[in-house]
Structure formats: structure tokens, C-alpha cells
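Convention: sequence-line order gives letters A, B, ...; per-chain numbering from 1.
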Number of protein chains: 2
Amino acid sequence: MEQELTIQQVAAATGLSVHTLRYYERCRLIAAIGRSTSGHRRYSADDLRWIEFLNKLRLTGMPIRQMQQYAELVRSQPNSGFHSRRQILADHREAVLAQIQQLQDNLVVIDWKIQHYCELEANFNDSLKPSPQTQSA
Amino acid sequence: MEQELTIQQVAAATGLSVHTLRYYERCRLIAAIGRSTSGHRRYSADDLRWIEFLNKLRLTGMPIRQMQQYAELVRSQPNSGFHSRRQILADHREAVLAQIQQLQDNLVVIDWKIQHYCELEANFNDSLKPSPQTQSA
DNA sequence: GCTTGACTTAGAGTGCGCTCTAACATTTAA
DNA sequence: TTAAATGTTAGAGCGCACTCTAAGTCAAGC
């Protein structure tokens with residue numbers, strides 16, 4: 001019943017490279033993974049879920065340092081310390097919201113510029129192939 | 001009338017460091033800036049506007065390489081080639097929209113986790129200081 | 001038994017975007 | 001006149017997050 005996954009399978013499932021998975025373990029984002037008799041890593045379903053959550057933190061731009069703090073809290077106080085963990089996530093949430101806001105604000109200016117180019121492009125094409133009507137008007 | 005700005009003033013106005021301003025010029029994101037008789041940079045209002053737009057591209061995550069392509073187009077064909085420029089910005093726009101979407105998707109999971117911690121925290125506190133009512137119920 | 005391929009490690013290397021340094025010139029205020 | 005501040009350059013250095021390498025172990029198929 002206990003589905004154990006190889007590092008390749010976890011890489012395929014998460015989109016992280018095998019290099020990155022080992023790197024994350026080395027810098028203690030992931031606790032020491034179980035091993036087969038031959039010493040190869042065998043990831044549990046729980047390991048996979050943890051890695052998937054880690055990846056969501058990364059994809060929203062949380063620095064490795066901060067993820068390490070979070071992972072350390074989970075490791076050292078698995079049944080308490082919820083407040084500190086929540087605090088880290090809540091602070092990060094605010095940072096991500098601010099980032100989204102900034103992206104949207106800057107996108108407005110870029111959109112405006114795209115629109116501007118559309119118009120310039122249209123005028124430029126008109127000047128190359130003027131229709132008789134346009135010219136006489 | 002022609003307001004010329006020092007590198008410090010442009011740094012203050014844009015939020016970029018003087019180091020970064022010189023770096024951008026070196027890698028041709030910014031065309032060679034005018035100089036005072038003593039050789040110090042003097043930025044025009046146009047320079048400032050260009051740098052501000054560049055900064056919006058950077059803040060939305062456009063790589064320096066792509067900004068270089070865009071800057072090169074503006075420099076080589078200031079009065080045409082609007083299509084290629086628009087294309088770069090439009091592609092970038094799509095990338096930014098996708099990034100915002102991904103941030104929002106991942107944020108849903110993080111939000112869920114924060115909520116989960118709120119509940120665990122509440123239960124943990126209840127178990128420490130149980131009210132008579134709660135205990136008898 | 002032997003090859004092939006997936007796995008292991010410690011540690012080196014990479015790409016990006018700055019960021020800083022050293023050595024020197026110029027400007028400004030006291 | 002002189003000290004402090006600001007500017008210049010080429011080039012080195014840095015922090016981040018991977019990404020790869022070398023040298024070796026192990027398991028499966030022929």
C-alpha cells in the first residue's frame with residue numbers, strides 16, 4: 001500500500017529536477033528522505049505533498065532562507081508552534097499580493113505602450129499604401 | 001528650460017542605484033548619455049522617461065537580454081519597426097499575465113494553509129485553557 | 001560475468017542582475 | 001586653499017538558486 005517513489009518519479013511529478021530535489025534536501029528544506037537497502041532515496045506520499053507545497057512557496061517567490069525557517073519550525077515542533085508558521089505564511093501572502101499589485105500597475109503602462117504602437121503601426125502602413133479616399137479627404 | 005539631471009538625481013527619481021544606471025548604459029539598455037564639460041553624465045527628461053519605462057519592464061520580470069533587443073530596435077529604427085517592438089511587449093504582456101495567474105493559483109493553496117493553521121491554533125489554545133462550558137458540553 | 005543505466009556524494013561551476021572597488025578627476029562649501 | 005562630496009572608468013566580486021561533474025555504488029538484463 002505504501003507507495004514509495006524514486007527521485008526520478010518525484011522529479012516528474014513536481015517539475016523539479018533531481019538535482020534540485022537533492023539540493024533542497026541538502027539545505028534542509030526537505031527532511032532526510034527514507035532509503036532503500038541500496039541507499040537510494042524512496043519518497044513517501046507525505047514527502048511528495050511537502051515538496052509540492054514547498055514548490056508553491058518557491059513559485060510565489062519565497063526565498064530559500066525563509067523556506068528554511070518555515071521547514072525548521074515544522075520539523076522542530078510538528079504539533080505546535082502553529083502561530084509562527086502561520087505568521088510566516090501570512091507575511092508571505094502579503095508580499096505576494098503586493099507583487100501582484102505591482103505587476104498589474106506596471107502592466108497598465110506596458111498595455112498603454114502596446115496600444116500606442118498599434119496606432120503608430122496603422123499610421124505607418126497608411127502612409128505607405130494610401131487609399132484614394134484617404135488622400136483626397 | 002532643458003532640465004538636465006545628475007546621475008544621483010536620476011537614481012533618486014527612479015529608485016535605481018547609480019551603479020545600476022551606469023550598468024544599464026554599459027550594456028546598452030540606455031543610449032550614451034550626454035556629458036557636462038567635465039565629463040559627468042547629464043540626463044535629459046527624455047532619458048528619464050526611457051529609464052522609467054525600462055524599469056517597468058524590469059519590475060515585471062523582463063530579462064535584460066530581451067530589454068536589450070527592445071532597446072536595440074528603438075535605437076536602430078526610431079521611426080519604424082513598430083511591429084517588432086509591439087510584438088516584444090505583447091509577448092511579455094502574455095508572460096506577465098500568466099505569471100499573475102500562477103501567483104494567484106498558488107496563493108489559493110497558501111491561503112488554505114493559513115486558514116488551516118488558524119484552526120489548529122484555536123484548538124491548541126482551547127486545549128490549554130478550556131472554559132467550563134466547553135468542557136462540560 | 002558484464003554491460004547498461006540509475007543512483008550516490010562532495011564539491012565545483014553557471015547565469016543572472018546587480019554591486020562594489022580602486023584609482024583617479026572635478027566640483028562645491030567652508 | 002583645502003577638505004569633502006560627487007563624479008569617472010575598468011574590472012572584480014557577490015548572492016541567489018540552481019546545475020553540473022567526477023568518481024564511485026548498485027541492480028537488472030543478456
Side-chain angles (χ1 to χ4, degrees), chain A residues 4-44 47 51 53-71 92 95-96 99 102-103 106, chain B residues 4-44 47-48 51-71 92 95-96 99 102-103 106:
Chain A
E4 303 231 290
L5 301 165
T6 67
I7 196 165
Q8 292 283 359
Q9 288 170 321
V10 173
T14 61
L16 297 170
S17 73
V18 295
H19 295 294
T20 300
L21 286 170
R22 285 193 279 249
Y23 165 68
Y24 279 7
E25 192 175 335
R26 229 189 313 174
C27 61
R28 299 173 60 73
L29 287 179
I30 302 173
I33 293 294
R35 301 300 176 115
S36 70
T37 52
S38 58
H40 294 185
R41 287 174 180 81
R42 290 293 176 263
Y43 293 80
S44 71
D47 293 333
I51 293 165
F53 185 66
L54 271 191
N55 201 22
K56 294 195 187 311
L57 295 180
R58 265 309 291 142
L59 289 173
T60 48
M62 184 183 283
I64 297 284
R65 281 288 177 89
Q66 210 171 330
M67 287 167 62
Q68 283 171 327
Q69 284 175 28
Y70 179 72
H92 180 57
V96 176
Q99 197 198 333
Q102 200 197 35
L103 288 173
N106 289 326
Chain B
E4 302 232 290
L5 301 165
T6 67
I7 195 165
Q8 291 282 1
Q9 290 170 320
V10 173
T14 60
L16 297 171
S17 73
V18 295
H19 296 295
T20 301
L21 286 170
R22 286 193 278 249
Y23 166 67
Y24 279 7
E25 192 175 336
R26 227 187 316 173
C27 61
R28 301 173 57 73
L29 288 179
I30 303 173
I33 293 294
R35 301 299 176 117
S36 70
T37 53
S38 57
H40 293 185
R41 286 174 179 80
R42 291 292 176 263
Y43 293 79
S44 72
D47 292 334
L48 183 58
I51 292 164
E52 280 169 340
F53 185 66
L54 270 191
N55 201 21
K56 295 197 187 307
L57 295 180
R58 265 308 292 142
L59 290 173
T60 48
M62 184 184 281
I64 298 283
R65 282 288 179 87
Q66 212 172 328
M67 287 168 59
Q68 283 171 328
Q69 284 176 28
Y70 180 72
H92 180 59
V96 176
Q99 198 198 332
Q102 198 198 36
L103 288 173
N106 289 326

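- If you measure from atom CD of B/Q9 to atom P of D/dA5, you get 18 Å, rounded to the nearest angstrom.
- Remark: A/R28 CZ to A/R26 CZ distance equals 14.0 Å, nearest 0.5 Å.
- Counting non-hydrogen atoms under 4.0 angstrom, B/R41 reaches the backbone sugars and phosphates but no base.
- Between B/R42 and B/T6, some side-chain heavy-atom pair lies under the 4.5 Å cut-off.
- In this structure, A/Q68 places its CD atom 13 Å from C1' of D/dG15, rounding to the nearest Å.
- Taking every heavy atom of both residues into account, A/V18 and A/A11 meet most closely at CG1-CB, 3.9 Å.
- A sub-4.0 Å separation between OP1 or OP2 of C/dA6 and a side-chain N or O of A/T6 is absent.
- One distance of note links CD1 of B/I51 with CD1 of B/I30; it measures 4.0 Å at 0.5 Å rounding.
- Of all non-hydrogen atoms in A/Y24 and A/I64, the two that sit nearest each other are CE1-CD1, 3.9 Å.
- The two atoms that bring A/H92 and A/L57 nearest to each other are NE2-O, 3.9 Å, heavy atoms only.
- Comparing C/dC16, C/dT9, D/dC16 against the side chain of A/R22 picks out C/dT9 as the nearest.
- For the pair B/E25 CD and D/dT9 C1', the interatomic distance rounds to 12 Å; values are reported in whole Å.
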Could you list the protein-to-nucleotides 19-27 of chain C atom pairs, N/O on both sides, closer than 3.5 Å?
from, atom 1, to, atom 2, distance (Å)
C/dT27, OP1, B/S38, OG, 2.9

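- If you take SG on B/C27 and CZ on B/R22, they are separated by 14.0 Å, rounding to the nearest 0.5 Å.
- Within the structure, every side-chain polar atom (N or O) of A/Y24 is placed at least 4.0 Å from both OP1 and OP2 of D/dA17.
- To the nearest 0.5 Å, the span separating CD on B/Q68 from CE on B/M62 amounts to 11.5 Å.
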Can you give me the N/O atom pairs linking the protein to nucleotides 28-30 of chain C at distances under 3.5 Å, or say none if there are none?
none

Tabulate protein N/O versus nucleotide N/O from nucleotides 28-30 of chain D, keeping only pairs under 3.5 Å, one per line.
none

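- Between atom CD1 of residue A/I33 and atom CG of residue A/L21 there is a gap of 8.5 Å, rounded to the nearest 0.5 Å.
- OP1 or OP2 of C/dT9 lies within a sub-4.0 Å distance of a side-chain N or O belonging to A/R35.
- Scanning all heavy atoms of the two residues, the minimum distance from B/R41 to B/I7 falls at CD-CD1, 4.2 Å.
- Listed for the B/N55 side chain is no donor-acceptor partner under 3.5 Å among the backbone atoms of B/E52.
- Contact annotation: A/Q8 does not reach the phosphate of C/dA6 (side-chain N/O to OP1 or OP2, under 4.0 Å).
- Among the protein residues, A/R58 comes within range of the sugar-phosphate backbone only, with heavy atoms under 4.0 Å from sugar or phosphate atoms but none that close to a base.
- With DNA chain C read from its 5' end, the first of the two nearest nucleotides for A/V18 and B/P63 is the one closest to A/V18.
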